[in-house]
Peer 1: 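Right, I'll just put the structure down here and ask away after.
The analysis underlying the following values was restricted to heavy atoms, covering all of them including side chains, and did not include hydrogens, waters or symmetry mates. Values in this document were obtained by computation on a predicted structure and should not be read as measured data. The chains referred to below are lettered A, B, ... by the order of the sequence lines, with proteins before strands, and numbering in each begins at 1.
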Amino acid sequence: MTSGLWELVLTGTWTTVQLLVLSALLAAVVSFVVGIARTHRLWIVRFAAGFYTEVFRGTSALVMIFWVFFVLPPAFGWQLVPLWAGTLALGLTYGAYGSEIVRGALNSVDPAQREGGIALSFTPWQRMRLILLPQAVPEMIPPFSNLLVELLKGTALVSIMGMGDLAFSGNLVRLALQESTEIYTYVLLIYFVIAFLLTRVMRGLEHRLKAGVAR
Amino acid sequence: MNWDWGAVRDFMPQFWEGLLVTLQALVLGSLISFVLGLVWTLLMRTPSRWVRWPVGVFTEFVRNTPLLVQLFFLFYVLPEWGLTFSALTTGVFAIGLHYSTYTMQVYRAGIEAVPAGQWEAATALSLPTARTWQVVILPQAIRRVVPALGNYVISMLKDTPLLMAITVLDMLGQARLFSQEHFRFTEPLTVIGVAFVLVSYLASVLLRTLERRLVR
């Protein structure tokens, strides 16, 4: 492979990393908002959050991406920059999975802890912020770590829309080289390395967060 | 928003064709992943390190890299090696292979959940290894893993549109074809979006029934 082709692969890797970070941030926000809403005391809030989760988990991420790219522009007159369109589709889809993790972790906190908060006459928001979340968040890290790897793999989907991510630049290089085995092996290895680093970082984070919680 | 029911009607014949391909890919992909996953699990339990190590590395690699790139890999690399299959065959195999690395974890957990006493009883009855697996361990393990396997079937359903990238005309492939010909995106994409929700809902209902049957 020539240096020009390597440069293409590196640019693609950078786009993939950017997309990963942005959509992970959006997915985290969606996860917490929807996940906490699913434990709300009003049934209408719980229902709305549950509906969101079902719809976004039920459709394919790729169909969602197509929808954001092709249906949103004529329907609402929004034409999004590809990076933002990809972020939106991936963040909303994987956020729906994340919301289940948040809900599960919140439900796994000992009910006595909540009752303790009530006895101290904390407001619901104080209970969430000071009692429930600090205990639930460390529990969320391992499933979130899996989800992050899934999200990384999901970013490859935007290449179908012609966004210059790692999978896309891999295809360009294949066209230039006519040497599929080599280039796809490199591309797969790069994805694997990123996934490996992600799981490492998340494991470190888990250790740190669990150190602060007495069990 | 301008919604045109005429476009929905025109899309329907293509939609049914696409749905058929999607379901075909789903069923065959699931079967491959169930079988291969069990093969990996059993290989990982062999005493030889020379078997376990490569299988472990390979499955870890497949699990942590995107299915889309794996599809491209198989679609473009296999012909270079002199193996030519249809796009659908390649796609179904890729999905099955990818998900076998997930089902393998499920089987492992299921097998580990079989109480140790069952193994000991099999030893006490001096059942041969193959027989132990066949009549004692697997029937109990499989029963436990059905719900988790069902979740992966639904994940697989949602990954079948990827096959479009290697020219398979599944639901999404047909929707794209239709939108290129008629320049209408909203209707076909919404129709298949709804179809995905419906199929995954139906699948989860079916799986829950199956679960109840098996657990009884």
Peer 1: Sort out for me which residue in A:Leu152, A:Leu188, A:Ile194 forms a side-chain contact (heavy atoms from CB on, under 4.5 Å) with B:Thr65.
Peer 2: A:Leu188
Peer 1: Output yes when a side-chain donor or acceptor of A:Lys153 lies under 3.5 Å from a complementary backbone atom of B:Arg63, and no otherwise.
Peer 2: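 Yes: the side chain of A:Lys153 pairs with the backbone of B:Arg63.
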Peer 1: Ignoring hydrogens and angles, tell me if any N or O in the side chain of B:Lys158 forms a donor-acceptor pair with the backbone of A:Leu62 under 3.5 Å.
Peer 2: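 No; zero donor-acceptor contacts below 3.5 Å.
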Peer 1: Answer yes or no: does atom CH2 of B:Trp133 have more than 12 heavy-atom neighbours from other residues, nucleotides or ligands under 6.0 Å?
Peer 2: yes
Peer 1: What part of A:Tyr97 gets within 4.5 angstrom of chain B, counting heavy atoms only: side chain, backbone, both, or neither?
Peer 2: side chain
Peer 1: Side chain, backbone, both or neither: which part of A:Gln178 has a heavy atom under 4.5 Å from chain B?
Peer 2: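 Contact with chain B: backbone only.
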Peer 1: For A:Ser159, is it the side chain, the backbone, both or neither that has a heavy atom under 4.5 Å from a heavy atom of chain B?
Peer 2: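 Looking at A:Ser159, just its side chain touches chain B.
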Peer 1: Can you tell me which portion of A:Ile190 sits under 4.5 Å from chain B's heavy atoms? Options are side chain, backbone, both or neither.
Peer 2: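 Neither part, no heavy atoms under 4.5 Å.
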Peer 1: Taking side chain as everything from C-beta outward and backbone as N, CA, C, O, which of these in B:Met171 sits under 4.5 Å from a heavy atom of chain A? Side chain, backbone, both or neither.
Peer 2: neither
Peer 1: Has A:Arg174 got its NZ or CZ under 6.0 Å from the middle of the six-membered ring of B:Tyr76, at an angle within 45 degrees of the ring axis?
Peer 2: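 So A:Arg174 does make the cation-pi contact.
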Peer 1: Can you say whether B:Arg184 sits under 4.5 Å from chain A via the side chain, the backbone, both, or neither, judging by heavy atoms?
Peer 2: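 Neither the backbone nor the side chain of B:Arg184 comes within 4.5 Å of chain A.
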Peer 1: Can you tell me which portion of A:Leu166 sits under 4.5 Å from chain B's heavy atoms? Options are side chain, backbone, both or neither.
Peer 2: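 Contact with chain B is absent: no heavy atom of A:Leu166 under 4.5 Å.
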Peer 1: Heavy atoms, side chains only, cut-off 4.5 Å: are B:Val197 and A:Glu54 in contact?
Peer 2: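 B:Val197 does not reach A:Glu54 side chain to side chain.
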Peer 1: Of all heavy-atom pairs between B:Leu189 and A:Val63, which one has the smallest distance, and what is that distance?
Peer 2: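 Smallest heavy-atom distance, with atoms named: O-CG1, 4.3 Å.
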Peer 1: Does atom CH2 of B:Trp53 have more than 12 heavy-atom neighbours from other groups under 6.0 Å away?
Peer 2: no
Peer 1: For the pair B:Phe61 and A:Phe192, name the ring-plane relationship: parallel under 30°, tilted 30 to 60°, perpendicular over 60°.
Peer 2: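 The arrangement is tilted - the two ring planes meet at 30° to 60°.
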